[in-house]
**Q** 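Okay, here's the structure, questions in a sec.
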Number of protein chains: 2
Amino acid sequence: MADDLFKALADPTRRTILDELAQKSGQTLFEICARLSMKHQLGISRQGVSQHLAVLEAAGLVETRREGRYKFHDLNTGPLRQIADRWLAPHPSGPEENTP
Amino acid sequence: MADDLFKALADPTRRTILDELAQKSGQTLFEICARLSMKHQLGISRQGVSQHLAVLEAAGLVETRREGRYKFHDLNTGPLRQIADRWLAPHPSGPEENTP
DNA sequence: AGAATAGGCAAGCAATCACTTGCCTATCAA
DNA sequence: TTGATAGGCAAGTGATTGCTTGCCTATTCT
């Protein structure tokens, strides 16, 4: 649960995607591809971006809605709130399982 | 800069180390090893923990002070504040370089 | 119907990561 | 000084990751 969130944020390209979705909601895959290429000089394939979006969606940071052949992506900042709060006050015990 | 921070948080063992340092400041390497083993059943070598601490220190999340043969580790929550704030309001442009 | 558009699935590859093992240095106690 | 304690450095390994290429499905336009 928390693992997916932190791993999703670990990649700089994914963080840039979140930046773009924060700027403009409801972008399609191709629109995100174009923005990464034009504004950030990211030479990445469409599938690369698609896989990044899947990771972000698994982390709950991106939500999608389908309309016809379009799939719109929206940023969800909800999961971000639990991050900083975790280590601000001392906890009785770490709230995470850890068995890799 | 931000890259080190997010990559440091990506590993569950490192997050557990932060949990332990949040509970008790100024722990030594051996003390952290013992806690990971006893409280979290993490069968990890001393060097493994040492390398994790180096990553956390590079991210600015852990600060160290040497006294004699002991090296004490302290949690620094400062870098955590910039995380959640990044995507809460729409930015004019993403504040990160992205050239891997 | 046919072609273009938007997206998905899966195998393959190079780079990175977490972790271990082995040896070495520095500080303190006997 | 000898030995024990606390920590550091470096090479090696197996697994994960980011990305590409190739092909396939679904929806829309002419």
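Keep in mind that the numbers below use all heavy atoms, side chains included, and drop hydrogens, waters and symmetry copies. In what follows, chains are A, B, ... by sequence order, proteins preceding strands, each numbered from 1.
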**Q** Taking B/Glu63 for the side chain and B/Gly60 for the main chain, is one N or O donor matched with an acceptor at less than 3.5 Å?
**A** no
**Q** Give a yes or no on whether a donor-acceptor pair under 3.5 Å exists between the nucleobase atoms of C/dG8, that is its base, and the side chain of A/Arg46.
**A**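 Donor-acceptor pair under 3.5 Å: yes.
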**Q** Look at A/Ser50 and C/dG8 and indicate whether a side-chain polar atom (N or O) is within less than 4.0 Å of OP1 or OP2.
**A**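 For C/dG8, OP1/OP2 do have a side-chain N/O of A/Ser50 under 4.0 Å.
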**Q** Under 4.0 Å between a side-chain N or O of B/Arg14 and OP1 or OP2 of C/dA18?
**A** yes
**Q** With a non-hydrogen cut-off below 4.0 angstrom, is B/Gly48 in contact with a base, only sugar-phosphate, or nothing?
**A** base
**Q** Regarding D/dT28, can its base be found pairing with the side chain of A/Arg69 as donor and acceptor, where the two atoms are less than 3.5 Å apart?
**A** no
**Q** Spell out, as yes or no, whether a donor-acceptor pair under 3.5 Å connects the side chain of B/Arg15 to the backbone of B/Ala10.
**A**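 Answer holds: yes.
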**Q** OP1 or OP2 of C/dT20 less than 4.0 angstrom from a side-chain nitrogen or oxygen of B/Ser45, does that happen here?
**A** yes
**Q** Side-chain N or O of B/Lys71 versus OP1/OP2 of D/dG8: is the shortest distance under 4.0 Å?
**A** yes
**Q** Kindly indicate whether the side chain of B/Thr16, heavy atoms from C-beta on, has any atom under 4.5 Å from the side chain of B/Arg35.
**A**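 Not in contact.
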**Q** Ignoring hydrogens and angles, does a donor from either the side chain of B/Gln47 or the base of D/dG7 sit under 3.5 Å from an acceptor on the other?
**A** no
**Q** Going only through I, L, V, M, F, W and Y residues with side-chain contacts under 4.5 Å, is there a path from B/Ile44 to B/Leu9?
**A**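 Linked within one cluster.
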**Q** Regarding C/dT20, can its base be found pairing with the side chain of B/Gln51 as donor and acceptor, where the two atoms are less than 3.5 Å apart?
**A** yes
**Q** Between D/dG7 atom C1' and B/Arg65 atom CZ, what is the distance in whole Å?
**A**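 From B/Arg65 CZ to D/dG7 C1': 16 Å.
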**Q** Assign each of A/Tyr70 and A/Ile44 to its nearest nucleotide of DNA chain D by heavy atoms, then name whichever residue's nucleotide is nearer the 5' end.
**A**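 Residue closer to the 5' terminus by nearest nucleotide: A/Ile44.
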**Q** Check the phosphate of D/dT17 against A/His52, side-chain N and O only, distance under 4.0 Å to OP1 or OP2. Yes or no?
**A** no
